[in-house]
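This report concerns only the one structure given below.
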Protein chains: 2
Amino acid sequence: MARNVAARAGKRPGKRLSRGHDAAATREALLKSATQLFAERGFDAVTVADIAQQAGVNKALINYHFGGKLQLYRTIVRELFNELVVRVEPLRHDARAPGEVLRELIAIVGELAMTQRPHFPRMLLREVMAGGPHLDQEILAYPMRVFAVVRETIARGIQEGVFRPVDPILTHLSLVGSLVFFFATADFRRRMMAQARLAIEPPAPEAYVRHIQDLIARGLAVDEP
Amino acid sequence: MARNVAARAGKRPGKRLSRGHDAAATREALLKSATQLFAERGFDAVTVADIAQQAGVNKALINYHFGGKLQLYRTIVRELFNELVVRVEPLRHDARAPGEVLRELIAIVGELAMTQRPHFPRMLLREVMAGGPHLDQEILAYPMRVFAVVRETIARGIQEGVFRPVDPILTHLSLVGSLVFFFATADFRRRMMAQARLAIEPPAPEAYVRHIQDLIARGLAVDEP
DNA sequence: GTCTATAGGCTGATAGAC
DNA sequence: GTCTATCAGCCTATAGAC
């Protein structure tokens with residue numbers, strides 16, 4: 001699979017350029033392999049040669065399409081953050097019970113990390129642990145928008161008398177933190193348990209999501225009289 | 001503070017070596033600066049020149065004292081893991097109520113991350129996210145020993161009828177994960193909130209520890225009749 | 001658009017004086 | 001034990017052919 005041509009988007013319809021294979025496919029292949037490698041090893045440990053080789057393209061094309069290694073990285077982080085916010089923000093107008101809205105939010109984060117964007121938690125954590133050196137103001141607003149959903153939902157739950165008067169920030173961090181940690185470290189657990197001859201299976205992501213849903217729901221509920 | 005001589009341990013009492021300043025102090029200075037830098041930037045992003053400069057010693061001494069950059073890193077990770085296990089393992093023989101033992105375990109992790117070893121969560125997370133490439137079998141046993149404490153405590157709680165029949169692995173991961181995430185990302189929040197003109201203060205670590213204690217206690221408790 | 005070849009800079013490690 | 005000087009290797013980015 002040295003040349004994986006796919007996803008011919010409809011740009012410049014009918015016009016085939018003189019030489020080369022497909023600019024859009026090259027771009028996508030670079031984004032895909034770079035996302036995986038950055039998540040696994042971090043920005044500095046990945047070389048543009050690694051990315052180009054895994055994508056099956058020449059390394060000079062990273063400069064041509066993205067203007068360098070750093071801007072390739074920035075593009076990836078921005079798109080990942082954006083996708084999360086787009087999925088979560090509609091919950092601000094969800095009229096269901098606050099407990100149900102939080103369950104849904106947890107499910108969305110879990111689904112994103114499980115299937116569509118498995119590298120998101122690690123890239124997010126790496127960036128945040130480094131102090132966010134690659135983040136611009138636009139990207140920095142995204143986490144706040146996710147928090148806003150949690151904050152409003154919790155405020156509504158407290159007002160309606162179904163949640164204890166918990167701190168929304170602490171609740172948000174425990175909710176997001178337990179999920180991000182789980183998915184960021186899932187590969188490690190799988191590798192360790194496969195290497196050891198233990199009969200223990202690594203925990204299923206779906207089970208963990210349900211566990212967090214229950215933990216948060218019970219942890220926030222008001223005391224029964 | 002170009003030459004921070006401190007902590008003259010009692011090795012080779014009375015015998016001062018011919019030249020140089022103090023081998024033990026040099027070693028400690030290198031460990032200290034390397035721990036901070038590795039936690040902030042990760043193994044690959046840190047150069048031996050960075051470490052040596054921050055420690056105020058010559059970079060060739062890293063090879064003399066530790067045998068290279070990698071072995072310096074391994075020494076740090078091993079000591080951090082070891083310190084956590086030493087503190088947590090006595091809880092296996094703690095006769096208090098299971099809920100109290102878990103509260104104590106959470107408090108220990110929080111205290112370690114707050115004061116003694118503030119770089120531990122980030123170093124742990126970085127290593128695990130990378131798949132543990134620098135860990136040997138000895139270090140890999142440490143996380144299992146922490147989990148054993150949680151597993152036994154939860155089993156006792158279920159048996160005594162005070163905990164729901166929760167999965168010990170999922171509970172352990174949510175407990176450790178929410179704490180590690182919080183402390184690994186605390187620097188980022190502080191920096192962001194200082195930069196923005198927001199009047200919001202970053203959440204206090206002590207408050208977060210209590211929040212997790214309550215969340216776990218309530219989340220595991222059996223339903224009241 | 002894509003490729004080869006190479007420039008220019010930085011890295012970890014070491015040899016050898018003191 | 002500590003330092004200076006130096007090396008070989010690898011990195012990103014670019015120039016220029018096609």
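The structure presented is a predicted model; accordingly, all values stated were derived computationally and were not measured. So you know, we letter chains A, B, ... as the sequences are listed, proteins then strands, and number each from 1.
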Which whole-number value in Å describes the distance from [X] [atom1] to [N] [atom2]?
| X | N | atom1 | atom2 | value |
| --- | --- | --- | --- | --- |
| B:E28 | D:dG1 | CD | P | 15 Å |
| A:K59 | C:dC3 | NZ | P | 13 Å |
| B:I62 | C:dT11 | CD1 | C1' | 12 Å |
| A:N63 | C:dA7 | CG | C1' | 14 Å |
| A:Q53 | D:dC10 | CD | P | 14 Å |
| B:L61 | D:dG1 | CG | C1' | 7 Å |
| A:L37 | D:dT12 | CG | C1' | 16 Å |
| B:N58 | C:dG16 | CG | P | 17 Å |

Nearest to the side chain of [X], which nucleotide is it out of [options]?
| X | options | value |
| --- | --- | --- |
| B:V48 | C:dA13, D:dC11, D:dT4 | C:dA13 |
| B:H65 | D:dC11, C:dT2, D:dT2 | D:dT2 |
| A:Y64 | C:dG1, D:dC3, D:dT2 | C:dG1 |
| B:A60 | C:dG12, D:dT4, D:dC11 | D:dT4 |

Quiz prompt | Note, B:F43 side chain near B:K69 side chain (heavy atom, < 4.5 Å) | solution =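 B:F43 reaches B:K69 side chain to side chain.
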
Quiz item: With the threshold set at 4.0 Å, does a side-chain nitrogen-carboxylate oxygen contact exist between B:R92 and B:E152?
Solution: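 Here B:R92 pairs with B:E152 in a salt bridge, since their nearest N and O are under 4.0 Å apart.
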
Self-check item: Side-chain donor/acceptor of B:T185 to backbone N/O of B:F182, under 3.5 Å
Solution: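 Side chain of B:T185 to backbone of B:F182, a donor-acceptor pair under 3.5 Å: yes, one is there.
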
Practice problem: Carefully, step by step, assess A:T26 and A:H65 under the rule side-chain hydrogen bond (donor to acceptor under 3.5 Å, both in side chains). | Solution: CA-CA 9 Å; A:T26 297; A:H65 283 288; 4.8 Å; no

Quiz item: For C:dT2, does either OP1 or OP2 sit under 4.0 Å from a side-chain N or O belonging to A:T26?
Solution: yes

